[in-house]
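All remarks here apply to the structure that follows.
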Amino acid sequence: MEPRSTALLVIDVQQGFVNRHSRGALPAIVQLVEGWRAAGAPVVFTRFHNTPGSPYETITRWTRLRSPEEQALAAELAPFADATAALIDKDQASVFTPEGAQLIRESGWTDLVICGIDTDACVYDSARDAYHHGVRPWIVTDACASSGGPQYHDAALLMAARNIGTDHLVTSDVVLSRIHEAPEAQA
């Protein structure tokens, strides 16, 4: 993984998604952000906003992630927000909003290392969309979680293994060793 062409996407690690099921992924996510920054590689945070009248509300009656408190980044990530390459606010699951797709394309990123919450929604959808846009997605399995519980996390990883390949499911230790072994990281 080359630092200039690989971005770390931290998907929706927000107060409204952090609960007893997802809290355990936070230390690995923070470790990834710190390691990525140390390698001089780009970090992107996303925040999900559930707007009134959204399909989440009209189809499934899900009305969370509307208040500023729920939309705020998790306290563990807030100190890193000002040093990101971008902070993308989105009203859909995938990071491939018009703004997100343009950022990825114009930055020349060929690989996206993806972590965050929810594995079964925004993480999976972003990885799938990256694949369909010709960008290699890497899901960091120990730095993702589902606020719905481990069964949803596991189901999403099973789908990702089938649809983007088992070799694109990695741990934070593997990813950090790859980014730090890159020639640019050693220069």
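Between Gly108 and Ser5, the closest heavy-atom pair is O-CB, 4.0 Å.
Here the straight-line distance linking atom OG of Ser147 with atom CG of Asp118 works out to 3.5 Å at 0.5 Å rounding. Separating the OG1 atom in Thr166 from the CG atom in Leu158 is a distance of 11.0 Å, to the nearest 0.5 Å. Between the CG atom in Asn163 and the CE atom in Met159 there is a gap of 5.0 Å [rounded to 0.5 Å]. To the nearest 0.5 Å, atoms OG (Ser67) and NE2 (His49) are separated by 11.0 Å. The line from CZ of Phe45 to CG of Asp89 is 12.5 Å long, rounded to the nearest 0.5 Å. Rounding to the nearest 0.5 angstrom, the gap separating the SG atom in Cys115 from the CD1 atom in Ile11 is 8.0 Å.
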*Would you please test Thr171 and Asp142 for side chain to side chain donor-acceptor pair (under 3.5 Å) and show each step?*
CA-CA 6 Å; Thr171 65; Asp142 60 324; 5.1 Å; no

*Audit row: Asn50, Trp62, side chain to side chain donor-acceptor pair (under 3.5 Å) steps and yes/no*: CA-CA 9 Å; Asn50 186 13; Trp62 187 72; over 6 Å; no

*Would Glu99 and Leu103 count as a side-chain contact (heavy atoms from CB on, under 4.5 Å) if you check the C-alpha gap in whole Å, the side-chain angles of each, and the deciding distance to 0.1 Å?*
CA-CA 6 Å; Glu99 175 192 8; Leu103 172 69; 5.6 Å; no

*Stepwise, does the side-chain contact (heavy atoms from CB on, under 4.5 Å) test hold for Leu157 with Tyr124?*
CA-CA 8 Å; Leu157 294 179; Tyr124 177 78; over 6 Å; no

*Any chance you could lay out the side chain to side chain donor-acceptor pair (under 3.5 Å) test for Ser146 and His153, step after step, and finish with the verdict?*
CA-CA 5 Å; Ser146 174; His153 170 78; over 6 Å; no

*Could you go through the side-chain contact (heavy atoms from CB on, under 4.5 Å) check for Val113 and Leu9 one step at a time?*
CA-CA 6 Å; Val113 173; Leu9 294 183; over 6 Å; no

*Determine, step by step, whether Thr97 and Gln92 satisfy the side-chain contact (heavy atoms from CB on, under 4.5 Å) criterion, reporting the C-alpha distance in whole Å, the side-chain angles of both residues, the deciding distance to 0.1 Å, and the verdict.*
CA-CA 8 Å; Thr97 63; Gln92 65 181 41; 3.6 Å; yes

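Seen from the ring of Trp109, Arg4 does not count as a face-on cation partner, given the 6.0 Å and 45° thresholds.
A single hydrophobic cluster is not seen to contain both Ile164 and Val170; linkage of ILVMFWY side chains at heavy-atom distances under 4.5 Å, directly or through other members, places them apart. Linking Ile, Leu, Val, Met, Phe, Trp and Tyr residues whenever their side-chain heavy atoms come within less than 4.5 Å places Leu87 and Ile29 in a single cluster. Criterion: ILVMFWY side-chain heavy atoms under 4.5 Å apart, direct or through other members. Under it, Phe80 and Ile88 are not part of a common hydrophobic cluster. A continuous path of Ile, Leu, Val, Met, Phe, Trp and Tyr side chains, each step under 4.5 Å between heavy atoms, connects Val44 with Ile139, placing both in one hydrophobic cluster. Placement of Val43 and Trp138 within a single hydrophobic cluster is found when ILVMFWY residues are connected by side-chain heavy-atom separations under 4.5 Å, directly or transitively.
Residues meeting the ring pair (Phe, Tyr, Trp, His ring centres under 6.0 Å) test with Trp36, sequence neighbours left out: none. Take Asp125 and apply the salt bridge (Lys or Arg N to Asp or Glu O under 4.0 Å) test, not counting sequence neighbours, and it matches Arg128.
The closest donor-acceptor contact from the side chain of Gln14 to the backbone of Phe48 lies under 3.5 Å. Between the side chain of Ser22 and the backbone N or O of Ile117, no donor-acceptor pair lies under 3.5 Å. At distances below 3.5 Å, at least one donor-acceptor pair connects side-chain atoms of Ser177 with backbone N or O atoms of Val174. The main-chain N or O of His21 is found under 3.5 Å from a side-chain atom of Asn19 such that the two form a donor-acceptor pair. Side-chain N or O atoms of Thr51 include none that pairs as donor or acceptor with a backbone N or O of Ser54 at under 3.5 Å. A donor-acceptor pair under 3.5 Å is absent between the side-chain atoms of Asp120 and the main chain of Ala155, judged by distance alone.
Counting non-hydrogen atoms of neighbouring residues, nucleotides and ligands closer than 6.0 angstrom, the OH atom of Tyr152 reaches no more than 12 such neighbours. Summarising the local packing, CG of Asp167 is surrounded by more than 12 heavy atoms from other residues, nucleotides or ligands at distances under 6.0 Å.
Checking Val140, Thr84, Val33 one by one against Val10, the side chain to side chain contact (heavy atoms under 4.5 Å, CB included) holds for a single residue, Val33. Checked options Lys90, Arg47, Arg64; the residue passing with Asp12 is Lys90 (criterion: salt bridge (charged side-chain N to carboxylate O under 4.0 Å, His left out)).
Taking a cutoff of 4.0 Å between a charged side-chain nitrogen and a carboxylate oxygen, Glu57 and Arg66 qualify as a salt bridge.
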